[in-house]
Novice: 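To start, I am sharing the structure in question, which I have written as structure tokens.
We name chains A, B, ... by the order of the sequence lines, and we start the count at 1 in each one. Worth saying up front: this structure is predicted, and the values here are computed from it rather than measured.
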Amino acid sequence: MNNNNRVIIFWFRNDLRLSDNPGFSQAVSEGKVMPIYIFDQESVELFKMGSASRWWLYHSLKSLDRSLQEKLNIYHGCSQEVFKKLLHLHNVEAIYWSRCYEPYQREQEDAVSLLLQQHKIKFQYFNASLLWEPGQILTTNRQAYQRFTPFYGEAILQNHAPRAPLPAPTTMVLLKDTNNPLDIDSLPLLSKTSWYTKMDSLWAIGESPAQYELSHFLKTRLPLYHKNRDFPAIPSTSRLSAYLHFGEISPHQVWHSVQQETTKFLKKDGDAFLRELAWREFFYHQLFHFPKLTWKNVQPKFDGFPWCHNEVLLKAWQQGKTGYPIIDAGMRELWQTGTMHNRVRMIVASFLTKNMLIDWRDGAAWFWDTLVDADLASNSCNWQWVAGCGVDAAPYFRIFNPVLQAEKFDPEGIYIRHYIPELSQLPKKFLFTPWLASKSILEGAGILLGKTYPIPIVDLQLSRERALEAYHSLGK
DNA sequence: TGAAATGTTGGGGCG
DNA sequence: ACGCCCCAACATTTC
């Protein structure tokens, strides 16, 4: 066989970037590289990629393809089968990829590894999407941490700082698989109804937009991050979560540049942000050690919890028509933009699980479908955290009051007015409690309660008491 | 990374 | 002048 025909396959997964991609760098340094992406969802039983994620992925792949001189090779179907064909058609020298940690991705990896072992093909995987490998951060008993605080302390204090990010390779020889008829547009990524046209204008997707978001965040938002991050009307968050999920930016790049920015004046802000990045790690590690947590309560005593199955309430929550302005604003932000401010995510999640007494899995499923940053680890763990059944979870009796939360974190009502235009004329005094406004005030604001904006769909006090009762029914 | 209920304190009005 | 009561304002406990 002619040695010149030998190719190295680099399998892109949730690492859709060229910079700080150790496996890709190694591949292009060793020879001609055939970059591939496999859309492999058929075997996924739970949590097939949601609509918003698929929309994001479409653009992310387009961007990656441009970075790869339009040499990205697209496949659709079972990963193992795709590799079987590739091995048959090409003279494959080695196969490299970046590890992924979601249960079905691990199954894919195992199946592919087995195949490659059988064919005696060299393969190697790399860590490109976590600061610390699961299994690297363990208690002295070699167990996974069950509490974030010691996890974070140990991870920072006892382990080396995350490695420095790598630059993008400067030279590369890329190969197109000429036998393959598929391209990005042939994947089932964009639905027929173009619900996403508005989103197209809200997000710039790809590796260089991700870098731009990061530098913009460092310059304009990080300096007041600690103070501002809880206020949804203030642009204070990094907006990096979706880029991190698909790997258009690596956590190492983010970690490293935040640390570089963090002078003593910014220390509090830098620390607060790095802590959030560490929560992401913590959740990935949890998922790694307990893959069932996407649908199973981490605390088994919650298995008997008396959740209500109420389609009417669930739908009202999904559509942002509960009658509680901060809840509805958040749910509409999600629907319109594919994201939701972190503080508001906690408020709407508390409302669904506690005031509506609806199963956290229903909330997780909705978020999974609608969030552009939908991430199995963060989504599942955060829902369990709010519901009280997770690792290091909020106590069940911590029930957010949507009126008080709105008064506290959207005091001027800017966020609410933005996402609920039908309330925008309401005076601030009644903006958080429209049902308390007199008829004349409502009229003056052009509101017909029950018509143009809903009457509260559940009673706060009664639902709170009901939730506490349900909690007590679990016993200790 | 709550909220409500309950407890405590201290200033001021008032008999 | 003094004690009593009221009630913010704050602290603690409970869910």
Novice: Give the rounded distance in Å between these two atoms: CZ of A:Phe231 and P of B:dT1.
Specialist: 13 Å
Novice: Under 30°, 30 to 60°, or over 60°: which ring-plane class applies to A:Trp307 and A:Phe305, parallel, tilted or perpendicular?
Specialist: tilted
Novice: So, is A:Gln461 close to the B:dA4 phosphate, meaning a side-chain N or O under 4.0 Å from OP1 or OP2?
Specialist: no
Novice: Represent DNA chain C in dot-bracket notation, 5' to 3'. Only Watson-Crick or G-U wobble pairs with both distances under 3.5 Å count; pseudoknot-style crossings use [ ] and interstrand partners use |.
Specialist: .||||||||||||||
Novice: Going by the rule side chain to side chain donor-acceptor pair (under 3.5 Å), which residues pair with A:Gln211 if we only count those two or more places apart in sequence or in a different chain?
Specialist: A:Gln253
Novice: Looking at residues at least two apart in the chain, or sitting in another chain, which of them share a side chain to side chain donor-acceptor pair (under 3.5 Å) with A:Tyr419?
Specialist: none
Novice: What is the distance, to the nearest angstrom, from the CG atom on A:Asn355 to the C1' atom on B:dG2?
Specialist: 12 Å
Novice: So, for A:Phe351 and A:Phe400, is the gap between ring centers shorter than 6.0 Å?
Specialist: no
Novice: For A:Asn401 and B:dA4, is the shortest distance between a side-chain N/O and OP1 or OP2 below 4.0 Å?
Specialist: yes
Novice: Could you list all the salt bridge (charged side-chain N to carboxylate O under 4.0 Å, His left out) pairs where at least one residue sits in residues 51-60 of chain A, not counting sequence neighbours?
Specialist: none
Novice: Angle between ring planes, A:His216 versus A:Tyr212, binned at 30° and 60°: parallel, tilted or perpendicular?
Specialist: parallel
Novice: Checking A:Glu133 against A:Glu281 for the side chain to side chain contact (heavy atoms under 4.5 Å, CB included) test, could you report, in this order, the C-alpha distance in whole Å, the side-chain angles of both residues, the deciding distance, and whether it holds?
Specialist: CA-CA 9 Å; A:Glu133 287 277 15; A:Glu281 299 279 322; over 6 Å; no
Novice: To the nearest Å, give me how far apart CG (A:Leu460) and P (B:dA3) are.
Specialist: 11 Å
Novice: Can you see if the side chain of A:Lys408 gets near the phosphate of B:dG2 - specifically, an N or O under 4.0 Å from OP1 or OP2?
Specialist: no
Novice: In terms of ring plane angle, is the pair A:Phe302 and A:Tyr396 parallel, tilted or perpendicular, where the classes change at 30° and 60°?
Specialist: tilted
Novice: In whole Å, I'd like the distance from the CG atom of A:Asp459 to the C1' atom of B:dA3.
Specialist: 15 Å
Novice: When the distance from CH2 of A:Trp279 to P of B:dT1 is rounded to whole Å, what number comes out?
Specialist: 11 Å
Novice: Could you check how far CG of A:Leu404 sits from P of B:dA4, rounded to whole Å?
Specialist: 5 Å
Novice: To the nearest Å, how far apart are A:Phe409 CZ and B:dT1 P?
Specialist: 9 Å
Novice: Identify all pairs in which a protein N or O lies below 3.5 Å from an N or O of nucleotides 13-15 of chain C, and state each distance.
Specialist:
none

Novice: Does anything in residues 435-460 of chain A form a ring-ring contact (aromatic ring centres under 6.0 Å, His included)? List the pairs, not counting sequence neighbours.
Specialist: A:Tyr324-A:Trp435
